[in-house]
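Down below is the structure, laid out as structure tokens.
Owing to the predicted nature of the structure, the values given are computational and were not obtained by experimental measurement. Basis for what follows: all heavy atoms, side chains included, without hydrogens, waters or symmetry-related copies.
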Amino acid sequence: MWCWRWMISCVCINLWVSAGITIIKTSNAAEVVNLGVNWGGMASHQMLPSTVVQMIKDNGIKKVKLFESDSWTVSSLAGTGLEVMVAIPNDKLSRFSGKFDHAKDWVKNNVSKHMYDGGVNIKYVAVGNEPFLKSYNGSFMKTTFPALQNIQKALDEAGLGDKIKATIPLNADVYESANDKPSGGKFRDDIKDLMHQIVKFLHDNKAPFVVNIYPFLSLYQNQNFPFDFAFFDGGGKSINDNGVQYTNVFDANYDTLVYALKKAGVPDLKIIVGEVGWPTDGDKNATPDLAKKFYNGFLKRMANKKGTPLRPGHLDVYLFSLIDEDQKSIAPGDFERHWGIFRYDGQPKFPIDLTGQGHEKYLVGAKGVEYLTKQWCVFNKEKSNEMNTVPDDMNYACSLGDCTALGYGSSCNNLDVYGNISYAFNMYFQMQDQDVQACDFHGTAKLTTENASTGSCLFPVQIVNAGERMEFMTLTSTVLLSLIVLAFL
């Protein structure tokens, strides 16, 4: 028997980013869903923020949820009109819970400075990210709510409280069901009193409840979970809850929260789904085909504005995520680095119609992305009799690179032994910006200009890191300025 708790268990440690979509008009003027996307920054090689912003705009996306308040990233959104949610990481919460002055300074330096005419359209401040995960063992239990209160107070004092609201993106594991059905929804016993205080504070300040819901994790965490219930096609087992039929886990999970809010005394509190999506690698169920299946059904539902049985109509949703991030923690699973609807280089992975009309089309990829030299680091088969150091070298390469595609059921799972070695070597080599010394491995590796990719297994060539590119541009500008000054002396 599969149990309801698996549906609401969404342990997904994201220190993470993804994207937003708004009302778009198709050729027949059909009105479609208003979606957002998460844009995270835990990648070894970042695209220029301006490149990502252009990609977001090219695809009609209008809302962006960030996981930090990096000035370079936030400033790149100025003048775009895109609705923005900036964030404070969990490890900073104690600073803002302890002293109100710290909250005031943060708002001044990370919000107010962007709020000029033609500046950044900041609408929300995310105070922490899933701070009450069970896996955190209560680490942020005492700091989160005071930090939320101080940040909202600082926004109010800055004259921004009517426009910008502070909230806390929470994992769906903050609530549970007493009867394995939505109607049994209530906040987790160990945080019940705290959650009741938080939701009443949000309600009083007209701020939304932000929740992250992951149907994929229901499959991942429970091998007995009914496969079809993770999608929106129907045909599988449904739940009858007091005469209400639930045919998919998203609706059931969402309405479990609705019941929990009702029992907490805030039945009309606005809900935003801060993260929902499907990964494309790192697990047998994390494939482009299944991601496409999930998004097709989900986006169609959003376009129809059907909502859920307890909250019919339009739902506010942010897809997770915009771009793959190769430095995310894989503690929850190898799939963590593969949530993006775009690859690491801003290229689309599979056909997806954000309007929910079901058209078979690819998104507009990032433009002007610069790649490193087209070369790969692979195992030198002439050294097949000198493999004593290879196991340790592979472990080292994977510890500093990203070998999640080699796991069971993943895109590179079917490589032979030499292919596995080459993949590990190349991922480390690319991560090290193709430093020739990073392709040695005790003399068992070699460079090649022949693409090492095979079948569905991509051996990537990394992109030029935005940070390094900016440093180069800054250095070049400095040198040019110095030359101009010298010319006038």
Side-chain angles (χ1 to χ4, degrees), residues 2 6-7 9-14 16 18 42-43 135 213-233 235-236 248-250 275-298 319-321 323-344 347-352 379 391 394-395 397-399 401-428 430 452-460:
W2 52 278
W6 292 106
M7 301 180 203
S9 178
C10 297
V11 179
C12 180
I13 302 174
N14 291 316
W16 354 2
S18 273
M42 300 192 71
S135 58
I213 300 176
Y214 285 101
F216 167 80
L217 292 181
S218 297
L219 279 181
Y220 179 76
Q221 295 169 339
N222 181 7
Q223 62 180 355
N224 296 318
F225 186 87
F227 183 84
D228 291 331
F229 205 66
F231 300 92
F232 298 86
D233 305 302
N248 66 85
V249 68
F250 177 87
E275 298 174 16
V276 63
W278 200 277
T280 58
D281 211 346
D283 181 70
K284 64 179 182 179
N285 289 317
T287 67
D289 286 344
L290 289 182
K292 178 183 176 183
K293 174 183 174 70
F294 175 81
Y295 281 117
N296 279 350
F298 181 75
L319 302 184
F320 188 84
S321 66
I323 309 165
D324 280 352
E325 300 170 72
D326 62 4
Q327 291 192 322
K328 285 189 66 179
S329 168
I330 58 173
D334 288 347
F335 54 83
E336 276 299 311
R337 296 175 176 175
H338 304 280
W339 286 100
I341 53 178
F342 290 94
R343 301 187 324 180
Y344 70 100
Q347 299 310 305
K349 296 179 179 179
F350 53 88
I352 177 174
F379 178 72
M394 280 191 67
N395 287 335
C398 288
S399 69
D402 177 21
C403 295
T404 53
L406 294 177
Y408 172 71
S410 300
S411 61
C412 297
N413 181 214
N414 294 319
L415 298 178
D416 61 21
V417 62
Y418 298 125
N420 285 330
I421 299 169
S422 292
Y423 188 89
F425 284 3
N426 184 64
M427 292 305 286
Y428 174 77
Q430 301 294 340
S453 301
T454 174
S456 64
C457 180
L458 172 68
F459 280 57

| said: Applying side chain to side chain contact (heavy atoms under 4.5 Å, CB included) to W339 and K328, what does each step give before you reach the verdict? | reply: CA-CA 10 Å; W339 286 100; K328 285 189 66 179; 4.0 Å; yes
| query | Where is the tightest heavy-atom contact between N413 and G407, given as atom of each residue plus distance? | reply | CB-O, 3.3 Å
| Taking the side chain as C-beta and beyond, is there a heavy-atom pair between L415 and C457 under 4.5 Å? | yes
| Which residue pairs satisfy the salt bridge (Lys or Arg N to Asp or Glu O under 4.0 Å) criterion with at least one member in residues 401-417, sequence neighbours excluded? | R337-D402
| remark: Given the options F216, Y214, F232, F294 meets ring pair (Phe, Tyr, Trp, His ring centres under 6.0 Å) only with F232
| note | In terms of heavy-atom contacts, S218 and V249 come closest through OG-CG2, 3.8 Å
| message | Looking at every heavy atom in both M42 and E325, which two are closest together, and how far apart are they? | response | N-OE1, 2.8 Å
| query | Pick from F229, W278, F231, F298: which one makes a ring pair (Phe, Tyr, Trp, His ring centres under 6.0 Å) with F250? | reply | F298
Listing, residues 417-425 side-chain donor-acceptor contacts under 3.5 Å, not counting sequence neighbours, or none:
unit_1	atom_1	unit_2	atom_2	d
Y418	OH	S384	OG	3.4
S422	OG	F379	N	2.9
S422	OG	Y418	O	3.1

| message | Working to the nearest 0.5 angstrom, can you tell me the gap between R343 CZ and K349 NZ? | response | 9.5 Å
| request: Working to the nearest 0.5 Å, report the span between CG of L219 and CZ of F225. | output: 6.0 Å
| task | Indicate the atoms forming the closest heavy-atom contact of V276 with P215, along with that distance. | result | CG2-CD, 4.2 Å
| message | If you define the side chain from C-beta out and look only at heavy atoms, does anything of M427 sit under 4.5 Å from D326? | response | no
| query | Which heavy-atom pair separates K293 from F227 by the least distance, and what is that distance? | reply | CE-CE2, 4.5 Å
| field | Least distance between heavy atoms, A291 atom then P279 atom | value | CB-O, 4.1 Å
| query | Could you give the distance from OG (S399) to OH (Y428), rounded to the nearest 0.5 Å? | reply | 8.5 Å
| When you measure from the centre of the six-membered ring of F350, is the NZ or CZ of K292 under 6.0 Å away and within 45° of the axis? | no
| remark: Rounded to the nearest 0.5 Å, the CZ atom of F335 sits from the OG1 atom of T280 at a distance of 12.0 Å
| said: With a 4.5 Å cut-off on side-chain heavy atoms, are P460 and N426 touching? | reply: yes
